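So the structure is just underneath, and the comments pick up after that.
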Amino acid sequence: KKRDGKNGALLYDPLFQDTTRQRAEIEQDIEEALRSDWFEAYFQPIIDLGDGHVTGYEALMRLNHPLKGLLPPCDIIRIAEETGAIGRIGNRVFEKALANLVALTRASGDDRAYLAVNFSPLQLEPALPMLLTALTARHGIDPQRLVIEITEATLLHDNPQIRMVLDEFSRIGCRIALDDFGTGYSSLSYLSRFPVDIVKIDQSFIRSLASGEAELRNKSRMLVEGITAISHKMECSVTAEGVETTEQRDLLREFGVDCGQGYLFARPQPVEQLIAAYDIKRKV
Ligand code: C2E
Ligand code: CA
Ligand code: CA
Ligand code: CA
């Protein structure tokens with residue numbers, strides 16, 4: 001290994017060169033995907049644990065590469081946040097999600113199910129609420145059907161611009177969901193300081209509810225029950241992420257968690273698949 005070059009980069013380190021090559025490749029894939037329209041919005045249903053009906057759908061970005069297949073979002077988003085492409089990707093995915101919601105509404109007859117969309121901090125620009133208002137109007141979707149999902153990291157520095165954008169979203173009737181709840185630095189304080197409507201308990205808590213060491217299991221249960229009680233006191237509804245087993249679902253019900261999302265109910269999927277399922281249900 002040898003340290004050299006403008007940025008003190010490691011030259012001759014195969015690992016390093018590999019990652020830069022991978023990175024460049026992903027950057028290229030992103031640009032190509034924007035040009036060739038390869039971005040899609042997969043939908044994952046969110047289920048009311050009370051009566052089992054679908055309360056909404058979370059839109060999850062996929063890059064559908066014709067040669068490489070479906071690329072999951074994590075690397076793409078991390079790199080797009082660094083290069084600044086995240087805004088263009090986000091707008092594209094949001095438009096796809098709106099079109100999907102229109103088609104799904106037609107198939108299901110349910111015009112109340114909400115659409116939850118993930119936003120990175122960099123996307124929360126002052127112009128965003130106006131843009132989303134214009135796009136929803138163009139698709140004939142009520143902005144009250146939108147849920148803006150942000151993570152705790154977005155609120156960490158209490159940026160006045162982000163606060164303004166969130167307040168504007170609340171004003172136009174969008175709900176705000178706090179994603180990955182419990183993994184950040186001061187999760188609970190965000191509930192009192194920002195206009196949060198929905199708390200999404202991170203899947204790590206759900207995973208340890210019914211597996212692993214007894215002590216951890218008990219503590220996770222107390223945490224989920226406690227988070228739910230506090231969220232309800234703060235007039236937030238609670239959704240559990242990553243629900244994979246009936247045992248987890250039953251515990252979540254017992255703790256008063258409102259909604260669940262996870263492979264137990266449905267995987268994220270192309271909207272055509274959800275529509276086909278509604279069509280079958282209607283025929284039987
Ligand atoms: P997230 O918002 O926490 O989304 C939930 C993730 O959990 C999704 O991963 C979903 O596929 C996965 N998941 C759902 N149910 C289960 C389950 O039962 N078990 C397990 N193990 N996983 C489950 P995905 O689709 O790979 O997305 C990863 C992250 O990428 C998301 O985490 C979100 O932070 C980000 N993301 C996805 N789409 C977008 C987007 O359009 N814009 C932005 N800014 N971020 C996005
Ligand atoms: Ca999310
Ligand atoms: Ca999450
Ligand atoms: Ca997550």
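Computed over heavy atoms, backbone and side chain alike; hydrogens, waters and symmetry mates excluded. We count residues from 1, following the sequence as given. Indexing begins at 1, ligand by ligand and atom by atom, following the structure's order. These numbers come from a predicted model, not from an experiment.
Ligand-side atoms of ligand 1 in range of Gly262: 15 (N), 18 (O), range being under 4.0 angstrom from any heavy atom.
Distances from the Ca ion (ligand 3) to each N, O or S atom of Asp180 single out OD1 as the nearest.
Among the backbone and side-chain atoms of Thr151, none of the N, O or S atoms lies under 3.0 Å from the Ca ion (ligand 2). Between the Ca ion (ligand 3) and Asp202 there is no N/O/S contact shorter than 3.0 Å.
Ligand 1 lies nowhere less than 4.0 angstrom from a heavy atom belonging to Gln261. For Gly242, the heavy-atom gap to ligand 1 drops under 4.0 angstrom. Ligand 1 has no atom lying under 4.0 Å from any heavy atom of Arg267. In this structure, Gln123 counts as a contact residue of ligand 1, since one of its heavy atoms falls inside 4.0 Å of the ligand.
Geometric assessment of Arg145 against the ring of Tyr114 yields a negative cation-pi assignment under the 6.0 Å and 45° thresholds. Taking the centre and axis of the six-membered ring of Tyr263, the NZ or CZ atom of Arg267 falls inside the cone set by 45° and 6.0 Å.
Side-chain atoms of Pro126 and Gln161, non-hydrogen and from C-beta on, do get closer than 4.5 Å to each other.
Contact annotation for Leu60 and ligand 1: heavy atoms of both the backbone and the side chain come within less than 4.0 Å of the ligand.
Around the Ca ion (ligand 3), the angle linking Glu241 (OE1) with Asp179 (OD1) is 100°, rounded to 10 degrees.
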